[in-house]
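Both counts, for ligands and for their atoms, begin at 1 and track the order of listing.
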Amino acid sequence: MASPFLLLLLLIPLCLLVLFLALSFLARPKSVRIPIKNRHVLITGGSSGIGLALAKAAAAQGAHVSILARNAKRLEEATEEIKLATGHMARVLVADVRDPQAVAQALEEAGPVDVLVCNQGVFVPMELEKQDLEEAKFMIDVNLMGTFHLIKAALPGMKSRARETGLPASIAIMSSQAGQVGVYGYTAYSASKFALRGLAESLQQEVIAHNIHVSMIFPPDTATPGLAEEQKKRPELTTIIAGSSGEMKAEDVAKKALDGLKEGQFIIPCNFDGTMLAIATAGLSPQRSAVTALFEVLGAGFMRFVGIGFQWNWYSTIQNWHAKR
Ligand SMILES: NC(=O)C1=CN([C@@H]2O[C@H](COP(=O)(O)OP(=O)(O)OC[C@H]3O[C@@H](n4cnc5c(N)ncnc54)[C@H](OP(=O)(O)O)[C@@H]3O)[C@@H](O)[C@H]2O)C=CC1
Ligand SMILES: CCCCCCCCCCCCCCCC(=O)[C@@H](N)CO
């Protein structure tokens, strides 16, 4: 007869299997594949950094790409770069996302969209006390309100297009790891990025019946023209704390983002720390993957412990930094 110990050992995989089966049954929304070949992918902030890398990656996979930003000259240069890299032309749309009329007009010009990537973003790091409120408002207006304007303008067209083609559509929103955890010097920026999560979680429930699937991307520091600008004035503590998660290349972030949105992942982490952070901050977000759900369920307690460890480290750094002054 098998020893009770052996029986107990057998019970563990059995429990895991039952848990996995339960999660497979429960996980919602249901899994989906979103094709991009020959479909209209509109990327805001597509003239620089992550957005430009995304535009190239999507064009290389046979998508019809439109890029939207304010500066027409930089947009033209970007289309040249995309043409050179992929052989495909991208359509250029000039608009400031802060202006709802300009956004509506640009989307009208662009025609119905299959995949909307709200990637435009601005970041001016500074302690709240020192930051001009106009700068804080600037970040909220571009990062948050701009995304509202884009989705409002694109949704009617996306809905009818998804109905006509019978193909799933995607709205992908660029957040940041600073949209999952607060970081020194990012009061306004983090607020704008955290807010996008509330928008995305609610929106997914509103658009699921129309076969539209929402994704959020959470990159760490990423080498882009925007980051180079940011680093000129970033408080030292911001750089140290943000440095807890390594720096990525825009192309690598773009690849993660594109792969994730095609799988309809609601939360798209970009590196190992990002995956840990996603498990630690899963909350009540939608989850299509039973495998990821299993990690979230099993990892919850442990990842909270790791998170407490990170905070210990950050608060020690802040304390030492002040002690040296
Ligand atoms: N780089 C990083 O470390 C990280 C970046 N992110 C996020 O990724 C996104 C892209 O960042 P990154 O590639 O570094 O940024 P860049 O500064 O390199 O590019 C920003 C893009 O957004 C456009 N843009 C800015 N403001 C507006 C506006 N008001 N209306 C329309 N377009 C606008 C810019 O064009 P133009 O100025 O001509 O309008 C440009 O194309 C942002 O949302 C950012 O918050 C997230 C995590 C890390
Ligand atoms: C429990 C497990 C924890 C895992 C590690 C967590 C590390 C978090 C670091 C936060 C980094 C924030 C970078 C923001 C980059 C950005 O958005 C700016 N460059 C502006 O563009």
Against ligand 1, does Tyr189 come closer than 4.0 Å with any heavy atom?
yes

Would Glu229 and Lys232 pass as an ion pair if we require N to O under 4.0 Å?
yes

Considering only heavy atoms of Gly49, which atoms of ligand 1 have at least one such atom less than 4.0 Å away?
13 (O), 18 (O)

Which pairs count as ring-ring contact (aromatic ring centres under 6.0 Å, His included) when at least one residue sits in residues 94-145, sequence neighbours excluded?
Phe123-Tyr189

Backbone or side-chain N or O of Gln177 under 3.5 Å from ligand 1 N or O
no

Using the salt bridge (Lys or Arg N to Asp or Glu O under 4.0 Å) criterion, which residues pair with Arg91? Sequence neighbours excluded.
none

Compare Ile50, Asn143, Thr44, Ile67 and give the one whose heavy atom is closest to atom 5 (C) of ligand 1.
Ile50

For atom 41 (O) of ligand 1, what is the nearest protein heavy atom, given as residue, atom name and distance?
Ser47 OG, 2.7 Å

Evaluate the criterion salt bridge (charged side-chain N to carboxylate O under 4.0 Å, His left out) for residue pair Lys73 and Glu77; output intermediate values, then yes/no.
CA-CA 6 Å; Lys73 187 163 167 286; Glu77 286 163 9; 3.0 Å; yes

One thing to verify: whether Asp252 and Lys256 come together as a salt bridge, which I'm taking to mean a side-chain N less than 4.0 angstrom from a carboxylate O.
no

Do the side chains of Glu251 and Lys255 get close enough for a salt bridge, i.e. N-O under 4.0 angstrom?
no

Report yes or no: does a heavy atom of Gly146 sit under 4.0 Å from some atom of ligand 1?
no

Leu93, Val97, Asn119, Leu54: member with heavy atom nearest to atom 9 (C) of ligand 1
Asn119

Using a 3.5 Å cut-off and no angle test, enumerate the donor-acceptor pairs between side-chain atoms of residues 152-170 and protein atoms at least two apart in sequence or in another chain.
from: Ser160; atom 1: OG; to: Pro156; atom 2: O; distance (Å): 3.0
from: Ser160; atom 1: OG; to: Gly157; atom 2: O; distance (Å): 3.4
from: Arg161; atom 1: NE; to: Asp114; atom 2: OD1; distance (Å): 3.0
from: Arg161; atom 1: NE; to: Asp114; atom 2: OD2; distance (Å): 3.4
from: Arg161; atom 1: NH2; to: Asp114; atom 2: OD2; distance (Å): 2.9
from: Thr165; atom 1: OG1; to: Arg161; atom 2: O; distance (Å): 2.8
from: Thr165; atom 1: OG1; to: Leu167; atom 2: N; distance (Å): 3.2

Just list the N/O pairs, ligand 2 to protein, that are under 3.5 Å apart, with the distance for each.
from: ligand 2; atom 1: 17 (O); to: Ser176; atom 2: OG; distance (Å): 2.7
from: ligand 2; atom 1: 17 (O); to: Tyr189; atom 2: OH; distance (Å): 2.7
from: ligand 2; atom 1: 19 (N); to: Asp221; atom 2: OD1; distance (Å): 2.7
from: ligand 2; atom 1: 19 (N); to: Glu230; atom 2: OE1; distance (Å): 3.0
from: ligand 2; atom 1: 21 (O); to: Tyr189; atom 2: OH; distance (Å): 3.4

